[in-house]
Amino acid sequence: VTQIGEVALWIALAISLWGVAAAFIGGQTRRGDLVLAAEHTVLGVFGLLAVASGAIITAFLRNEYRYQYVANYSNVELSNFYKVAGLWAGQTGSLVFWALLLSLFSSIAILQNRNRNREFMPYVAGTLLAVLAFFLVVIVFASNPFKLLPFAPADGRGLNPQLQNYWMTIHPPTLYLGFTCFTIPFSFAIAALVTGRLDTRWITTTRRWSLLAWFFLTCGIIFGMMWAYVELGWGGYWFWDPVENASLLPWLTGTAFIHSVMIQEKRGMLKAWNIFLILGTFLLSIFATFLTRSGLIESVHSFAQNLTIAWIFLGFLSVVTLVCSSLVWWRRDQLQPESQIESWLSREAAFLGNNLLFIGAMFAVLWGTIFPLVSEGVWGQKISVGPPFFNRVNIPIGLMLLGLMGIGPVIAWRKATARNLKRNFTLPLAALVLVGAGLWLGGIHHTQALLTFALGAFTLTTVTVEFHKGARARSGIEGEGYAKALVHLVARNRRRYGGYIAHVGLVFAFMGFAGKAYNVEKQVVLRPGESVEIASPFGHSYKLSYQDMSWYTAKNMTKLIASFRVEKGGRPAGIMTAEQRAYNQREEINTEVGIRRSWDEDLYLIFAGVDDAGGVLTGANPRPATTFRVLVNPLISWIWLGGFITAMGTLVAMWPSAVLAEPKTARRPVATREPELVEA
Amino acid sequence: VKKQRKFLVGGGTVAALVGYLMFTGMKDSMVYYHTPAELVAKTTADPSYKDVGVKVGGRVVPGTVHFDQRTLDLRFNVVDIADGKTQFPVHYNGPLPDTFKEGRDVVVEGKLSQAGTFEASTLLTKCGSRYEAGAEAYES
């Protein structure tokens, strides 16, 4: 029965190819019936991909190991939760999943616009179907999830234990949601180029899609960091792995895009730039998918090398780049800016600086990521660059962006006067100096960390002042209490204040990154009954007393558990455990670290080795010598908190007006409302 | 072009800055990537090459893995994947990566000592096998 999924994929490919033709021909000849048929094709492709995905999940749940894909990623013992997640556990399934998400978003976009933007829709539908057709070609011809094994094994190989983690289950789909979401604004950009309607329409109509994409991408990256922190067992969360970089690349251009569109909306500048930014973001999303799936570059994530897929992807990227560049060249006259940057001290210039820095960071990360390939191609010698390269480039850029986050939102448009600068930046600069000097005297001498905290204080102050000024003015005019005025202020200007909230989150995350400069690490060999002390950079110290080593057998694994009693500054601070698990199926040891989280620092415990595991299991060796690594990671929680706040701010910025609108207030005439609310 | 002057100046400044950071960053962290056979050939031809830090990608030879659970000293032989012959011992200190196993592909970064042991500062287990291997195992 599950073979029906393969049939669905073939039909989806056929109709999407037909739909591309119908859309573009219908658009050019103004035949509404063809356009409508193309739009319905998008919905049909979604239905067929849902059938195919359903078939894959069914095959997982029914343990149909005759499928190579199911056999490779599941076994009888695996819980149903991970069997459903099997859809995106490996290459073949995740491509189907990618296409499924894209067809879902495409269908929503089509339905949203059934009575709007009609001149765009033929080319929007055509572009979306072309992207879908591309993925279906890859799936059907190069990476078929329904490929059968010559015989049906009794059981599958099981899922890699490191992937049996909650964050790992939601991390890839979240990233994919972000990648696919960016295709919607991209398709509208193409439609704008083809139709020549190059005003801000394509931007305002897809504003929420861009923010939604950015929201998912941000969450996806943070989930990946959380997974690495909990599961990889070395206390870090980011190590400039090619696949991590791949997810960061579209994030960098996407962040530049959601800022630069504001300049086009307000001042009619950066028109071609915005087209290239969304094109770049789309291409990098595809590139990220391809890099993960092709295994071209050494990576801890890389899947089996599959060069056919690599070539198909590269071909697609080249064609898209060529077509888009030609379209931009063709429309170059309509893409002229309506005004220019008048002064370096202006909001336009701050936004431009932001954009250029993001693009600079993107090129540096891209360069470092593909350098092994480039050097092999050019000099015949593979050369790789490591984390020092990425840190060297990105830390200064990050610090400049941190400062710009405080300048951009409050500096005047066109040209800032001395008065404007003085009014907006006196207090933030005072905060910068005070925090910087205070921390220096308090012993924080690490330059980058010190700059992060000082610039963070600067940016937080500008944002706080913005909130305060707005709320005070509102409570003065409307006669509301301060708190109520603050809430209404945000609800009334969600785009602006949502952005500020996102900035606050990013400042917190930066502080968390800076905490790394003060990590403490210690390696010890202990027997039960012994203890170790480790000093925190905050001055107090932890004492960890090794209580005992226990073990038990669970469903598909044997666990060794080392228990500790923790004292913080001489006071009891709970129990910690760290584990080693041996999975029956995969003959692998899996380390489960112990983490004691608090708002200021994490105590992180790695169970690295035990001298006689067999003796522990038989009871012959109840007090084994065990090797541990103990780490104190300052400010880690600020990264997760900051990520959460940023995500919330993005939600505020994109929330549709109907939901948060104040029910008691009479509807204002449409014309006086903010443009982006009308577009909703 | 005159209209776009600020744009170009800004772009040029950022490009110069990023270019400078990239250039110095490359100098600090560029590392040659070799197969075991390449590294042995290079160091035989030019013994001073032993002082250059390199990355080596190879396969863990089954039966050669020794892990001291107390000191976390890991010793194993790495063999060239292509020729299947050229191999040398590797020494690494640290917790065993969860995916490390005999027969796995690994990438180690470090230097070949005068004694011929590769002193690795980092050890990366390639997960190609971890995710997708064994497709062939079923077919055989």
Side-chain angles (χ1 to χ4, degrees), chain A residues 68 71-72 90-91 149-150 153 157 160-162 232-234 295 298-305 337 340-341 344 349 352-353 356-357 359-361 363-364 367 372 381-393 396-397 523 525 587-591 606 608-611 625 627 629, chain B residues 2-7 9-15 17-22 24-35 38 55 57 67-72 93-102 105 107 109 122 124-135 137-140:
Chain A
Q68 182 180 316
N72 271 341
Q91 165 178 294
L149 288 168
R157 293 171 45 82
N160 177 344
Q162 284 195 317
L232 292 183
W234 55 281
E298 306 290 344
S299 159
V300 284
H301 295 67
S302 66
F303 291 66
Q305 288 229 1
Q340 290 96 45
I341 297 180
W344 286 113
L352 181 65
L356 293 169
L357 288 169
I359 299 307
F363 273 113
W367 175 254
Q381 172 60 62
K382 237 183 194 175
I383 301 174
S384 70
V385 292
F389 167 78
F390 295 102
N391 290 332
R392 164 103 190 142
V393 181
I397 291 181
Q523 184 173 316
V525 181
E587 321 158 21
E588 258 169 33
I589 299 289
N590 193 226
T591 315
I606 306 166
V610 54
D611 65 350
T627 310
R629 266 195 189 189
Chain B
K2 188 164 173 285
K3 282 191 281 184
Q4 307 276 3
R5 204 170 53 90
K6 286 215 167 55
F7 193 89
V9 171
T13 312
V14 172
L17 171 81
V18 173
Y20 168 75
L21 292 173
M22 281 172 69
T24 52
M26 293 286 287
K27 277 209 315 202
D28 291 348
S29 81
M30 250 173 38
V31 170
Y32 284 104
Y33 183 100
H34 292 297
T35 62
E38 280 170 7
K55 269 190 186 176
F67 181 58
D68 184 324
Q69 299 271 355
R70 267 167 175 267
T71 60
L72 306 186
N93 181 271
L96 208 59
D98 283 344
T99 45
F100 184 86
K101 218 165 80 172
E102 296 185 341
D105 294 351
V107 178
E109 183 175 348
T122 66
L124 193 76
T125 315
K126 272 173 70 180
C127 306
S129 45
R130 155 175 138 199
Y131 288 90
E132 195 89 325
Y138 280 114
E139 278 158 15
S140 58

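Naming convention: chains lettered A, B, ... in sequence-line order (proteins, then strands); numbering from 1 in each chain.
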Nearest non-hydrogen partners of [X] and [Y], listed with the distance:
| X | Y | value |
| --- | --- | --- |
| Ser29(B) | Phe389(A) | OG-CB, 3.1 Å |
| Val14(B) | Leu356(A) | CG1-O, 3.5 Å |
| Gly609(A) | Gln69(B) | CA-OE1, 2.8 Å |
| Gly25(B) | Arg392(A) | CA-CG, 3.7 Å |
| Arg70(B) | Ala625(A) | NH2-CB, 3.4 Å |

**Prompt:** Got a second to check how far Phe363(A)'s CZ is from Met22(B)'s CE, nearest 0.5 Å?
**Reply:**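 Phe363(A) CZ to Met22(B) CE: 9.5 Å, rounded to 0.5 Å.
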
**pair Leu21(B)-Pro396(A): side-chain heavy atoms closer than 4.5 Å** =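 Yes, side chains in contact.
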
**Request:** State, with a plain yes or no, whether a side-chain heavy atom of His34(B) is found less than 4.5 Å away from one of Gln381(A).
**Result:**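 Of all side-chain heavy-atom pairs linking Gln381(A) with His34(B), at least one is under 4.5 Å.
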
**Request:** Go through the atoms of Thr13(B) and report whether side chain, backbone, both or neither lie under 4.5 Å from a heavy atom of chain A.
**Result:**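 Neither the backbone nor the side chain of Thr13(B) comes within 4.5 Å of chain A.
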
**Prompt:** Heavy-atom distance under 4.5 Å to chain A: side chain of Phe67(B), backbone, both or neither?
**Reply:**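 Just its side chain gets close to chain A.
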
**Region of Leu352(A) that comes under 4.5 Å of a non-hydrogen atom in chain B** =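 The side chain, not the backbone.
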
**Message:** Between Val393(A) and chain B, with a heavy-atom cut-off of 4.5 Å, which part of the residue counts as in contact: side chain, backbone, both or neither?
**Reply:**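 Contact with chain B involves both backbone and side-chain atoms of Val393(A).
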
**Request:** Using a cut-off of under 4.5 Å on heavy-atom pairs, state which of Val610(A), Val525(A), Ile606(A) scores highest against chain B.
**Result:**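 If we count pairs closer than 4.5 Å to chain B, Val610(A) comes out on top.
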
